[in-house]
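Here's the structure we're looking at; comments come further down.
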Amino acid sequence: MTTLSTTPTDVDMTPRNMSFDLEHALKGDWHSQDPFKTAFFNAMSMLFPIGEKHFIDSVAKFKDRVTDEKLLAEVRKFTIQEAMHTREHRKFNQRLCQLRGYDLDLMEDRLTADQDRLKEELPPIVGLYTTVAYEHFTAIMADRLLRDPRILEGSDPALLPMWRWHAYEETEHKAVAFDVLTVAGGTHEARKKTMRLVTLRFTQHMIFNINHMLKSDGYSFFQRLKIWAGGLKWLFQRDGFLRSLKSDFLDYFKADFHPWQHDNRELLVSFEKEIKALAA
Ligand SMILES: [Fe+2]
Ligand SMILES: [Fe+2]
């Protein structure tokens, strides 16, 4: 295993300072006027600020062991990119919860409790393993968001730039935490084990957040069941968002897995202009 950066040299990773006007869109069901699709993405946004802060901290703990200058520079850029994502998603989440009456603390406290337990009970490398697992999730979802326009089709146009910018930068820095884990001596077995736990917790947090949002929107238990049925169909039908990720997800369990085995630099090229224009 190499202790050098494995990110291709033509991947830029320059952090972009963005700001979005989401006020109008967040008031309603911004994704296709559909309560589930909207709650799904809102629920995911709710995980970012605390999750990404954890990614930054976990990578920082092992930064001193990195000797490759290119990887060190990438760790710095990764940190700034994630800090910007945290800032923008925090604004998104706070405004969303104000406008729609969701309980931000209720959703965030569960995640904070997870992180606190992790920090208190387990060695720092476990934080890095969980970071690498979550970065795989975000990388494969980001790939699909950029690749398949149907996933956000019908969304309020005001929200598209934010999701695309985030997906773009997740693609750029998808191997950074992985490379740091290699430097830190991460093993394949522990990586697989952590991914199973992370998948379970991620699913539980998403279910909790979506359900909280739908309940706060005033849907009764039976109405929520119906909404969930439609939502699960959207996620897992043939070509459904999550179902389409299955093979990319499972690649993580291969002993020789590396994020850039999914070489999707063509997406970075095709969205480059749009992202540059946004940052201007
Ligand atoms: Fe991010
Ligand atoms: Fe990331």
Side-chain angles (χ1 to χ4, degrees), residues 5-8 11-20 22 40-63 66 71 73-94 108 111 115 127-146 151-152 159-182 186 191 194-195 198-199 201-202 205-206 209 245 248-249 252 257-260 262 264-265 267-268 271 275 278-279:
S5 157
T6 54
T7 301
V11 174
D12 181 27
M13 230 186 277
T14 300
R16 301 155 187 94
N17 190 8
M18 302 287 210
S19 185
F20 304 94
L22 310 169
F40 179 85
F41 283 98
N42 286 345
M44 193 143 62
S45 176
M46 214 55 65
L47 304 180
F48 286 136
I50 290 169
E52 294 183 316
K53 167 88 173 49
H54 166 71
F55 304 164
I56 293 170
D57 293 346
S58 302
V59 168
K61 284 190 184 129
F62 292 89
K63 200 178 70 185
V66 177
L71 183 53
E74 287 164 0
V75 166
R76 281 192 287 272
K77 289 177 177 179
F78 162 87
T79 304
I80 302 172
Q81 286 192 335
E82 293 293 28
M84 302 271 191
H85 302 169
T86 297
R87 186 188 71 192
E88 289 312 307
H89 278 277
R90 191 167 291 288
K91 279 200 265 177
F92 178 113
N93 297 346
Q94 283 170 346
E108 287 204 329
L111 204 55
Q115 313 295 6
L128 191 55
Y129 277 113
T130 60
T131 298
V132 174
Y134 272 118
E135 283 287 278
H136 182 59
F137 266 130
T138 49
I140 62 178
M141 285 196 275
D143 175 275
R144 219 49 104 247
L145 275 192
L146 295 175
I151 291 163
L152 286 173
L159 283 178
L160 289 176
M162 184 173 180
W163 289 107
R164 288 209 184 118
W165 158 69
H166 197 165
Y168 193 91
E169 295 195 343
E170 289 303 324
T171 304
E172 285 183 312
H173 74 224
K174 64 179 172 176
V176 177
F178 191 100
D179 288 343
V180 174
L181 180 63
T182 307
R191 191 165 59 72
T194 326
M195 179 50 115
V198 161
T199 307
R201 286 309 279 157
F202 175 73
H205 285 301
M206 285 295 286
N209 289 357
L245 301 177
D248 285 356
F249 172 72
Y252 191 83
F257 170 77
H258 185 276
W260 280 104
H262 300 154
N264 53 358
R265 276 174 288 171
L267 292 174
L268 297 178
F271 280 90
I275 299 298
L278 284 174

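Just so you know, ligand 1 is whichever comes first in the structure, and atom 1 is the first atom listed for that ligand. Bear in mind that the values here come from a model prediction, so they are computed numbers and not experimental data.
With respect to the Fe ion (ligand 2), His173 has NE2 as its nearest N, O or S atom. Checked against the Fe ion (ligand 2), the N, O or S atom of Glu135 at the shortest distance is OE2.
Closer than 2.8 Å to the Fe ion (ligand 1) sit the protein N, O or S atoms Glu52 OE2, Glu82 OE1, His85 ND1, His166 NE2, Glu170 OE2.
There is no side-chain donor-acceptor pair under 3.5 Å between Glu52 and His89. In summary, the side chains of His85 and Gln81 do not present any donor paired with an acceptor at a separation below 3.5 Å, with no hydrogens or angles considered. In this model, no donor atom of one side chain and acceptor atom of the other lie less than 3.5 Å apart for His136 and Asp248.
Glu170 places no side-chain N or O within donor-acceptor distance of the main-chain N or O of Met141, the cut-off being under 3.5 Å.
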Trace of the ring-ring contact (aromatic ring centres under 6.0 Å, His included) decision for Tyr134 with His54
CA-CA 11 Å; Tyr134 272 118; His54 166 71; 7.7 Å; no
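You'll find the side chain of Thr199 reaches within 4.5 Å of the side chain of Phe137, heavy atoms only.
Under the 30°/60° scheme for interplanar angles, the aromatic rings of His258 and Phe178 are found to stand perpendicular.
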